[in-house]
*Asks:* 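If you scroll down you'll find the structure; I have some questions about it.
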Amino acid sequence: GTLSNGIKIFHPNSTIFQNFDLSNLEKINSKEEDFTVWALCYFQNNFIIGTSQGLFYNSSESKFNSLKLPNNLHNKVYTSFCTFNENLILANSDQELIVLNKNLELKEIISLTQFEGKNVPFKLISFNDKLIIISSGGIYYLNKNFEIQRYIRLKDLNSNLSEYCLAMFIDSKNNFWFGGTRSLLLSKDNFKNNIYLKHNPTDPNTISHFIVSCFEEWPNNGVLAGTLGGGINLIDYTGKIIKKYNPLPQTGYRVIYSIKLYGNKIWASTNSGIISIDLINDQFRTYNQNDGIKVLEYSQHSNYYLNNYQYFGGVNGFVKFNPLTAWVDTNRSKIIIEDININFKPIDPIEHIEGSFFSPKKIKLFPNDKNIAISPTVIDLIRGEEYKIFYRIIELDEQWIELKNKDEKIFFNYLSPGSFNLEIKALGPNNEPLKEILKIEIISSPPFYLSIWFRSIIFILFSMGLVLI
């Protein structure tokens with residue numbers, strides 16, 4: 001309830017996203033000010049997070065404790081976690097692999113400087129009894145004893161690929177996808193055939209940005225490649241760019257850190273919040289502080305899926321939500337009437353309205369009612385204020401008229417006597433129309449001297465006068 005604008009209707013959508021604020025945890029690394037979550041995973045009934053303030057774990061999501069490790073291991077940037085051979089492997093930017101046993105105790109520290117390349121590890125993948133390490137300049141294959149079996153230098157695959165590899169992905173057809181600071185490399189047939197996809201800002205048929213940060217497969221359609229500034233690209237298995245998803249130019253939503261696919265919808269962490277895209281219907285949603293999210297800037301490899309919940313980590317915490325229920329279909333949204341004023345005063349619903357106040361069938365105007373102002377709005381659990389609203393009176397308007405902002409009202413002054421059919425429609429954030437159009441009949445009553453009964457009486461009196469004469 002408000003002091004001047006009646007009752008406002010809203011949905012407590014912050015319950016869709018559960019926030020975990022880590023700013024109150026004890027800081028181990030005093031050099032860093034915030035609690036950026038670099039990586040997270042679930043291991044032995046514990047949630048493990050690597051942050052700019054150290055390594056933490058918990059078993060109930062309610063309280064995090066520091067892992068019992070030497071302080072020098074806490075003061076590192078952890079880029080990726082992976083379970084391998086019943087151990088938890090932690091990769092950090094100091095070219096190390098930290099191996100923890102089932103009890104989260106330190107088992108071994110493996111220095112990658114002993115291997116060829118001496119590269120910084122960015123991503124760990126457990127694949128066919130091998131631990132694959134994606135590093136800044138190459139790929140390491142390690143066996144269960146952490147012995148190197150194979151090393152692939154990226155520059156040997158293609159001289160155009162940068163020495164700085166940020167992401168790697170293996171699709172269902174055993175193709176290898178590499179993302180770096182000079183775009184993307186697709187390697188087929190066990191690295192025998194390599195396709196290089198570059199970015200050219202003047203050519204719309206090239207990949208949308210030169211830095212590729214993450215991958216996710218859309219089965220039978222291709223692979224989705226996220227970029228740090230160009231949104232998401234859909235690429236088929238031959239390397240052909242099928243489509244680009246970058247509907248919000250020049251915003252942080254085009255900086256993609258991680259992508260997860262659920263059904264035909266993808267969810268991505270960005271530099272301004274979370275986005276979701278319906279790949280079939282081309283519908284796009286953004287989620288930020290208006291939706292109850294406290295973490296708006298995320299980390300590249302800080303994502304995890306557990307028990308129907310998606311986790312995205314970033315600056316000062318991480319977010320948990322159910323991707324199968326968080327999406328709001330615009331077809332379920334509807335237009336309602338939020339407020340109606342007649343003669344600049346709130347109306348009496350009993351006197352003027354037939355049907356529900358929020359979806360009236362008829363609005364009655366009496367002879368002294370000089371004007372009417374109608375305030376429509378859209379009930380949408382997530383993005384209600386981003387809809388565009390249009391209206392028309394069928395008998396008066398050939399074109400739809402747009403309300404320029406949420407405060408603008410549908411206003412009619414001195415409607416002539418008669419019946420008028422008002423229609424109100426809405427377009428969603430991506431110009432997708434709501435299926436339902438709100439239809440209201442406005443009945444403007446004439447003054448008494450123009451009414452049928454008054455004219456009938458005058459006619460009868462006039463006729464009687466003629467008879468008497």
Side-chain angles (χ1 to χ4, degrees), residues 2 4-11 283 328-456 458:
T2 68
S4 60
N5 293 318
I7 297 173
K8 299 295 182 183
I9 301 173
F10 68 96
H11 188 279
Q283 294 182 352
V328 177
D329 189 348
T330 55
N331 293 333
R332 298 181 182 178
S333 305
K334 64 182 299 183
I335 304 169
I336 68 165
I337 301 303
E338 189 177 29
D339 194 19
I340 303 175
N341 287 326
I342 293 178
N343 295 334
F344 304 107
K345 294 181 181 180
I347 67 167
D348 181 347
I350 297 176
E351 193 173 88
H352 289 275
I353 289 180
E354 181 179 316
S356 165
F357 177 87
F358 302 109
S359 301
K361 295 179 180 179
K362 295 181 180 180
I363 300 176
K364 301 174 184 178
L365 299 180
F366 299 107
N368 292 329
D369 297 335
K370 298 178 181 179
N371 56 63
I372 180 173
I374 302 172
S375 301
T377 189
V378 175
I379 293 298
D380 186 317
L381 308 187
I382 300 296
R383 299 260 61 96
E385 293 188 356
E386 295 186 8
Y387 283 81
K388 298 176 183 178
I389 297 178
F390 302 79
Y391 74 93
R392 70 177 178 180
I393 285 200
I394 294 178
E395 292 79 6
L396 301 178
D397 304 312
E398 295 183 359
Q399 304 292 330
W400 289 92
I401 302 170
E402 180 181 358
L403 296 180
K404 300 302 182 182
N405 56 65
K406 65 178 181 178
D407 297 321
E408 187 176 357
K409 304 176 187 297
I410 300 173
F411 187 82
F412 300 111
N413 203 20
Y414 292 104
L415 273 176
S416 58
S419 176
F420 302 91
N421 292 287
L422 172 66
E423 292 186 337
I424 305 172
K425 71 175 184 178
L427 298 180
N430 266 340
N431 290 325
E432 69 274 15
L434 292 186
K435 288 185 177 181
E436 181 181 353
I437 295 178
L438 182 60
K439 300 179 180 181
I440 305 170
E441 182 183 3
I442 300 176
I443 301 173
S444 178
S445 302
F448 74 94
Y449 53 84
L450 294 178
S451 63
I452 295 176
W453 65 266
F454 183 81
R455 291 181 178 183
S456 298
I458 295 299

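Reckoned from all heavy atoms, side chains included, excluding hydrogens, waters and symmetry mates.
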*Asks:* Can you list the residues that meet the side-chain contact (heavy atoms from CB on, under 4.5 Å) rule with Glu351, with sequence neighbours excluded?
*Replies:* Asp348, Phe366
*Asks:* Any chance you could measure Leu403, atom CG, to Phe390, atom CZ, to the nearest 0.5 Å?
*Replies:* 8.5 Å
*Asks:* Calculate, to the nearest 0.5 Å, the distance between atoms CD1 and CG belonging to Ile389 and Leu438 respectively.
*Replies:* 10.0 Å
*Asks:* Do Ile337 and Ile424 have side chains that approach each other closer than 4.5 Å (heavy atoms only, starting at C-beta)?
*Replies:* yes
*Asks:* If I take atom CD1 from residue Ile336 and atom CG from residue Asp339, how far apart are they, to the nearest 0.5 angstrom?
*Replies:* 11.0 Å
*Asks:* How long is the span from the CH2 atom in Trp400 to the CD1 atom in Ile437, to the nearest 0.5 Å?
*Replies:* 4.5 Å
*Asks:* Can you tell me which residue pairs pass the ring-ring contact (aromatic ring centres under 6.0 Å, His included) test with a partner in residues 404-441, sequence neighbours excluded?
*Replies:* none
*Asks:* Of all heavy-atom pairs between Pro446 and Pro367, which one has the smallest distance, and what is that distance?
*Replies:* O-CG, 3.2 Å
*Asks:* Could you grab the distance from atom NZ of Lys404 to atom CD1 of Ile401, nearest 0.5 Å is fine?
*Replies:* 10.0 Å
*Asks:* With Asn343, which residues qualify under side-chain contact (heavy atoms from CB on, under 4.5 Å), at least two apart?
*Replies:* Asp369, Lys370, Asn371
*Asks:* State which residues pass side-chain contact (heavy atoms from CB on, under 4.5 Å) with Gln399; sequence neighbours excluded, sorted by chain then number.
*Replies:* none
*Asks:* Between Tyr387 and Leu434, does the side-chain contact (heavy atoms from CB on, under 4.5 Å) criterion hold? Intermediate values first, please.
*Replies:* CA-CA 10 Å; Tyr387 283 81; Leu434 292 186; 3.9 Å; yes
*Asks:* Grab the two heavy atoms, one from Ile335 and one from Pro376, that are nearest each other, plus how far apart they are.
*Replies:* CG2-CB, 4.4 Å
*Asks:* How close do Asn341 and Ile347 get, counting heavy atoms only, and between which atoms?
*Replies:* C-CG2, 4.0 Å
*Asks:* Strictly by salt bridge (charged side-chain N to carboxylate O under 4.0 Å, His left out), give each pair with a member in residues 408-425 just once, sequence neighbours left out.
*Replies:* Arg392-Glu423
*Asks:* Give the C-alpha distance, both sets of side-chain angles, the deciding distance and a yes or no for side-chain contact (heavy atoms from CB on, under 4.5 Å) between Asn421 and Glu395.
*Replies:* CA-CA 7 Å; Asn421 292 287; Glu395 292 79 6; 2.7 Å; yes
*Asks:* Is the shortest side-chain heavy-atom distance between Ile363 and Leu422 below 4.5 Å?
*Replies:* no
*Asks:* For residues 354-362, which side-chain N or O atoms pair as donor and acceptor with protein atoms under 3.5 Å away, sequence neighbours left out?
*Replies:*
| residue | atom | partner | partner atom | Å |
| --- | --- | --- | --- | --- |
| Ser356 | OG | Phe358 | N | 3.2 |

*Asks:* For the residue pair Asn405 and Asp407, what are the closest heavy atoms and their distance?
*Replies:* OD1-N, 2.9 Å
*Asks:* Which distance, rounded to the nearest 0.5 Å, do you find between the CD1 of Ile410 and the CD1 of Ile442?
*Replies:* 8.0 Å
